Amino acid sequence: MKEKLLENKKKVLENLYLTVFAVFCLYFFMWTTTFWVSWPDFFVSDLRTIMIALIVVKASVSEKKSNWKELVFEIGLIVVFLAVKNRNGQEILLDTLLLILGAKEIASEKLIRVYTVTIATALFVTIGASLLRIIENLSYAQPGRMTRMAFGIGYPTDFGAHVLFLLLCYFYLRRKKIQYVELVITVLIGGLIYIFCGARTNALCIWLLAGVLFYTKIRRDDAKKRKKEYEMASWFSGLLASAGTICAAGILILSMLYTKGSSIFLKLDSILSQRLSFSQKGMEVYGFSIFGQYIPMQGNGGSTETPLNYFFLDSSYISILLQYGLIMFVMILILWGIIGLRARKEKDWVLLWILAIIAFQSIMEQHLLDISYNPFLWILFAETGKKRKQKKISGAEKNI
């Protein structure tokens, strides 16, 4: 009776957390749209207070107590996030920290499902409102390129990123149930993103996602026929798990080596839409710091007027490094690597590919540490498939 009561309490707390989690996601999503929402005073601060209270209560009723290594790791996480937040005033860091800590012992599928339903519903409403001219559908006409539409989001590439991350979430939830027809539709979606939004990076990532999942399904189906389980090559799964570090090192080295006098670098910078030149400019003007600094940026989003003083660090890696500092930069790469290594250990090949695609997309875009786009950082402390199997076995043993 006591165990059942405890289980009911945990379930209520989990549902409360997921509700607050959904509100958080919706709140940050709305800031990426052209909707004008007048939020109540102290709305987000009250939301944080509720989240903190839920984290504390969840921890108090948890049967599993953190060992000293986990405790040190969690305290280190809190210290770094708060120290960086105090240096540059970015409140979103506190929100990210709360979402990571609050996800502890909650099934990763539940987190991703709630995020997917919330953001997909909001995105469909936004698209509809923009097409019905209830809100502005920003369109960008560029010389030599097609007119790019944002469908109610602040910028066409941001719309493409929303679609990409929703597809990543969808296929994470589908995993072993993925069908070929879904992959064909995904290829078509990538084509639409390219045609209507001109979001080349996101279209490429969508096609890459369809391609790698197509290959994985073929290999998995073939192994099943032979009554075996598909195994990714050890060296290759290790490469995918390290994708974040590899991509970060690549863009950082190229940005530091970039020189205007080199035709090769000028061509590469053009292909990367000036990521190298702006990244190097950011390094020269602001330099590196331990805990970050405030960097004023002016991008193209939210208006079709070209800003007079355009300066934006599009690459997630460069943006995190310069805005949030060296320690946060290293910590994010470590966290991403831990999630990747866990996926590799649990043979969750689909998740491993998803993490690698996000790592690749983050070379060009700023959504790696963005609540309204990337929910996969929050599964750091969440319960994965293997953990739940162990829990079920442990529970069955207790009942025996």
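Nothing here was measured: the structure is a model prediction, and the numbers come from that model. Residue numbers start at 1 and run along the sequence shown.
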Geometric class of the [Y]/[X] ring pair [parallel <30°, tilted 30-60°, perpendicular >60°]:
X    : Y    : answer
F151 : F196 : perpendicular
W207 : Y194 : tilted
F311 : Y286 : tilted

What distance do [X] atom [atom1] and [Y] atom [atom2] have between them, rounded to the nearest 0.5 Å?
X    : Y    : atom1 : atom2 : answer
L18  : L13  : CG    : CG    : 11.0 Å
E74  : I100 : CD    : CD1   : 11.0 Å
I318 : L252 : CD1   : CG    : 5.0 Å
R113 : L173 : CZ    : CG    : 5.5 Å
S130 : F35  : OG    : CZ    : 8.5 Å
I357 : L209 : CD1   : CG    : 4.5 Å

So, the side chain of [X] versus the backbone of [Y]: is there a donor-acceptor pair under 3.5 Å, distance only?
X    : Y    : result
T34  : E136 : yes
S315 : I363 : yes
S262 : T259 : no
E105 : A103 : no
D269 : S277 : yes
Y317 : A359 : yes
R148 : Y140 : no
K58  : K104 : yes
S316 : L368 : yes

Between E182 and F171, is the side-chain contact (heavy atoms from CB on, under 4.5 Å) condition met? List the steps.
CA-CA 9 Å; E182 294 171 307; F171 284 116; 4.1 Å; yes
Atom of [X], atom of [Y] and distance for their closest heavy-atom approach:
X    : Y    : answer
I354 : L168 : CD1-O, 3.3 Å
I189 : V163 : CG2-CG1, 3.7 Å
I135 : G152 : CD1-CA, 3.8 Å
Y258 : L266 : OH-CD2, 3.6 Å
R48  : L94  : CD-CD2, 3.7 Å
I119 : C25  : CD1-O, 3.8 Å

Indicate, with yes or no, if [Y] and [X] share a hydrophobic cluster defined by side-chain heavy-atom contacts under 4.5 Å among Ile, Leu, Val, Met, Phe, Trp and Tyr.
X    : Y    : result
I218 : Y230 : yes
F124 : W31  : no
I193 : V184 : no
L98  : I92  : yes
L322 : L257 : yes

Take atom [atom1] in [X]; do more than 12 heavy atoms of anything else shown fall under 6.0 Å from it?
X    : atom1 : value
I264 : CD1   : no
W39  : CH2   : yes
K347 : NZ    : no
F214 : CZ    : no
R133 : CZ    : no
F28  : CZ    : yes

For the aromatic rings, using the six-membered ring if either is Trp, is the centroid distance between F21 and W378 under 6.0 Å?
yes
Distance flag, aromatic centroids of F165 and Y115, threshold under 6.0 Å
no
Does K225 come within less than 4.0 Å of D221, counting only side-chain N to carboxylate O?
no
Counting C-beta onward and ignoring hydrogens, is there a side-chain heavy-atom pair between [X] and [Y] closer than 4.5 Å?
X    : Y    : value
M149 : F159 : no
M232 : L240 : yes
T96  : D370 : no
H367 : N202 : no
L213 : V350 : yes
L335 : L77  : yes
F360 : L204 : yes
I178 : Y170 : no

Apply side-chain contact (heavy atoms from CB on, under 4.5 Å) to residues T32 and T126 and explain how you reach the verdict.
CA-CA 10 Å; T32 72; T126 301; over 6 Å; no
Does the ring pair (Phe, Tyr, Trp, His ring centres under 6.0 Å) test come out yes or no for W353 and F236, once each step is laid out?
CA-CA 11 Å; W353 274 117; F236 191 69; 5.5 Å; yes
Is it possible for you to check whether R175 lies under 6.0 Å from the centre of the six-membered ring of Y172, through NZ or CZ, and within 45° of that ring's axis?
yes
Check each of L355, L341, T245 against W336 using the side-chain contact (heavy atoms from CB on, under 4.5 Å) test, and report the only one that passes.
L355
Could you verify whether a donor N or O on one side chain and an acceptor N or O on the other, from S237 and R344, lie under 3.5 Å apart?
yes
Between N88 and L93, is the side-chain contact (heavy atoms from CB on, under 4.5 Å) condition met? List the steps.
CA-CA 10 Å; N88 62 21; L93 289 172; 4.1 Å; yes
Start with the C-alpha distance between E365 and D314, add both sets of side-chain angles, then the distance that settles side-chain contact (heavy atoms from CB on, under 4.5 Å), and finish with yes or no.
CA-CA 5 Å; E365 300 198 14; D314 289 281; 6.0 Å; no
